[in-house]
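Just so we're clear, the structure is a prediction, and the values are computed from it rather than from any experiment. Lettering follows sequence order; numbering is per chain, from 1.
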There are 2 protein chains.
Amino acid sequence: MDKKIATIQDVARVAGVSTATVSRTLSKPTVVAAATREAVLNAVAETGYRINATASNLRRQRTGSVIVLLPNIANPFFAQILAGLSSILTPAKYGMLIADTQSGPDPDERLVHYLTSGQADGLILLDGSLSPDALKIPGRPPIVMACEWMGSDLPSVRVENGRGAAMAVGHFAQLGHRSVGHVTGPRGNVLAESRLEGFRSALTSLGLPLRHDWILEGDFSMDSGAAAANAWLAMEDRPTALFFASDEMAVGFMGVVQRAGYSVPEDVSIVGFDNIEIVQHLSPALTTIRQPRTQIGIRAAELLLRMIETGTLTGPSDLIEIEFIRRGSACPPPVGE
Amino acid sequence: MDKKIATIQDVARVAGVSTATVSRTLSKPTVVAAATREAVLNAVAETGYRINATASNLRRQRTGSVIVLLPNIANPFFAQILAGLSSILTPAKYGMLIADTQSGPDPDERLVHYLTSGQADGLILLDGSLSPDALKIPGRPPIVMACEWMGSDLPSVRVENGRGAAMAVGHFAQLGHRSVGHVTGPRGNVLAESRLEGFRSALTSLGLPLRHDWILEGDFSMDSGAAAANAWLAMEDRPTALFFASDEMAVGFMGVVQRAGYSVPEDVSIVGFDNIEIVQHLSPALTTIRQPRTQIGIRAAELLLRMIETGTLTGPSDLIEIEFIRRGSACPPPVGE
DNA sequence: GTGAAAGCGCTAACAT
DNA sequence: ATGTTAGCGCTTTCAC
């Protein structure tokens with residue numbers, strides 16, 4: 001009953017070989033003789049030895065883990081991206097360190113910290129609001145963006161946000177709507193801006209009116225969707241259709257208007273963005289733009305691993321296709337309005 | 001323009017002191033003379049030096065990170081616990097490694113792996129289905145359970161699951177329901193079992209009938225709630241009230257029955273469990289049992305850090321209070337049924 | 001208050 | 001095929 005953890009020395013002693021042989025047996029078993037290998041493995045079993053990752057990493061000048069920096073873990077949107085990341089990182093024997101830019105003081109500072117502390121072999125950025133100064137840090141590990149980031153040429157995996165907005169507007173137009181509004185994401189957020197821009201240009205190219213009072217500012221949250229609903233209810237002249245920059249906001253909106261006695265889609269048509277799991281279970285089920293989040297994670301992880309292995313700081317960016325999902329929350333506008 | 005990362009040696013040379021002094025300046029600044037300290041800090045700034053965490057950890061025989069083992073990251077339920085954990089771990093300068101037992105082969109094996117690989121100073125377990133053999137591993141780091149685990153006396157942070165179920169049943173009884181059913185979590189899951197047990201004993205103690213065909217097996221997911229709805233719709237003799245072991249299942253159920261033309265709560269009263277964010281935005285808003293998930297994370301992290309710092313493998317368990325949240329998804333049963 | 005020196009546990013040349 | 005040896009970059013006695 002050993003209370004101490006065995007080191008490679010202990011194994012070597014028990015097996016009657018050198019530490020180098022033990023190390024080799026564990027990393028490239030084919031290069032040691034079968035008999036030796038067996039002796040070593042027995043000794044490993046007997047002592048309960050396990051490689052000390054810290055020592056190994058120090059020696060090999062790597063860390064075996066990847067840091068994922070995101071704005072807010074509690075946001076379920078990121079959870080699926082994390083699942084995608086994990087499905088690649090884990091089999092590749094990389095640990096996944098999660099850092100929430102919210103739970104520290106200065107987010108930019110933390111980015112720099114992780115980039116320089118040598119705690120990870122690579123970094124995945126899910127927070128599009130960080131400053132690009134990081135790129136200049138000498139000796140920094142490879143970075144992959146899994147969202148848009150203005151004015152940076154980091155390798156990234158992203159989604160056709162503008163086209164998603166255009167799909168939503170196109171759908172409304174096809175149904176006969178002419179008064180269509182938009183509930184945006186937070187100002188300054190790159191995703192929000194792309195969707196807003198896509199919304200604007202789609203309206204213009206379809207010859208539909210672009211009214212500023214029909215563009216409501218949200219922040220992707222359900223609460224902000226509920227707030228938008230109250231604003232909509234208070235309007236004199238309401239749009240008959242509304243495109244939301246996130247499903248969450250659409251859900252918040254729907255809850256409020258339904259409780260106020262309005263019906264979706266008969267009184268308002270709505271389209272969301274993301275296709276979060278829940279929206280197919282609502283009544284009506286939400287028409288939305290699907291972003292394959294697991295896929296985003298998978299691609300980002302693959303890209304990063306390739307960069308780590310080849311030792312490059314650049315790589316091909318990846319554009320992931322979105323998909324329009326027609327469900328029950330949009331129909332032709334009410335007549336006589 | 002340095003392309004290399006500076007080591008403590010570089011700083012020592014630039015500052016004209018020994019590496020020991022540099023190290024001291026950075027860890028206990030008060031023991032070095034003010035003048036020396038300044039020289040060192042200048043050298044640090046000049047070289048862009050940052051402590052190499054791996055080397056530091058090897059020397060100090062610690063890792064500076066904590067592993068969180070959970071069944072499925074994509075489940076938003078865990079996301080909030082993670083946020084709570086992060087809010088404590090980050091300021092305490094601990095990294096948070098997330099491991100998903102789904103993305104590897106054998107979950108138990110992975111637990112053992114993390115326990116023995118020396119990759120973390122402590123471990124937080126969110127997966128109640130792992131085998132308790134882990135406890136016997138010599139030299140293992142401290143573990144905190146943030147959920148129930150049968151027959152283990154690990155320090156834990158948990159929630160009054162049974163009482164939650166009893167609250168739900170009590171509420172139904174008070175509204176006049178006599179036919180109440182339950183949609184369970186996955187068989188074998190400890191949370192699911194506790195809630196089921198709480199449900200059963202509450203029925204009994206209130207003198208309500210316990211019917212096996214009114215206990216539907218689910219797995220916490222929305223899809224399984226939808227499946228339960230179909231089962232309910234197909235019943236000859238339906239319960240007028242249903243307690244769900246998770247909010248997600250309640251949401252899935254509600255979507256299906258509403259689209260089938262039934263109304264909640266007029267046709268069925270339902271109560272969920274968890275109080276996930278969305279349920280207040282549904283119509284009707286869901287009556288449920290609130291579990292303070294962020295709080296669970298915070299307490300678990302605090303407990304673990306205390307154990308790490310004091311070097312103990314035991315600690316006080318913590319029971320977190322739940323709260324009944326009455327909203328609009330339960331009302332008296334329809335008359336004449 | 002500061003420096004010299006000894007490792008933490010491991011891996012990878014280099015020898016044999 | 002195996003052993004010897006020299007560190008990876010840091011912290012921490014132990015002297016001074």
Side-chain angles (χ1 to χ4, degrees), chain A residues 2 4-44 47-65 93 116-121 139 141, chain B residues 2 4-44 47-65 93 116-121 139 141:
Chain A
D2 357 322
K4 291 275 307 165
I5 273 187
T7 73
I8 202 171
Q9 311 265 10
D10 301 326
V11 181
R13 196 175 333 105
V14 172
V17 298
S18 74
T19 60
T21 300
V22 177
S23 178
R24 278 190 287 255
T25 309
L26 267 22
S27 55
K28 345 188 210 323
T30 53
V31 348
V32 305
T36 329
R37 193 189 320 153
E38 197 181 343
V40 171
L41 293 178
N42 285 338
V44 166
T47 54
Y49 171 73
R50 318 235 56 199
I51 296 180
N52 176 318
T54 310
S56 168
N57 289 338
L58 173 59
R59 178 60 234 241
R60 296 165 55 198
Q61 298 289 79
R62 47 97 71 175
T63 71
S65 53
K93 306 276 183 207
T116 53
S117 63
Q119 280 190 75
D121 299 331
Chain B
D2 355 322
K4 291 273 313 160
I5 272 187
T7 74
I8 200 170
Q9 312 265 9
D10 301 326
V11 181
R13 195 175 332 106
V14 172
V17 298
S18 74
T19 61
T21 299
V22 176
S23 177
R24 279 191 284 255
T25 308
L26 267 21
S27 55
K28 348 188 208 323
T30 52
V31 332
V32 306
T36 326
R37 192 188 323 154
E38 197 179 342
V40 170
L41 293 179
N42 285 337
V44 166
T47 55
Y49 172 71
R50 318 236 56 199
I51 297 180
N52 176 318
T54 311
S56 168
N57 289 338
L58 173 59
R59 177 59 233 240
R60 297 165 53 200
Q61 299 290 78
R62 46 99 70 175
T63 71
S65 52
K93 306 274 182 206
T116 52
S117 64
Q119 281 188 75
D121 299 330

Heavy-atom pair of closest approach, residues A:Thr19 and A:Gln9: CG2-OE1, 3.7 Å
Donor-acceptor under 3.5 Å (A:Ser56 side chain, A:Asn52 main chain): no
Gap between atoms CZ and P, on A:Arg13 and D:dG3 respectively (whole Å): 15 Å
N/O donor-acceptor pair under 3.5 Å between B:Ser27 side chain and B:Ser23 backbone: yes
Sequence-aligned protein contact record of nucleotides 7-16 of chain C, with B where the base is within under 4.0 Å of a protein heavy atom and S where only the sugar-phosphate is: BBBBBBB---
Donor-acceptor contact present, side-chain A:Ser65 to main-chain A:Ala120, <3.5 Å: no
Flag, side chain of A:Asn42 to backbone of A:Ala39, donor-acceptor distance under 3.5 Å: no
Rounded distance (Å) that lies between atom C1' of D:dC10 and atom CG of A:Asn57: 15 Å
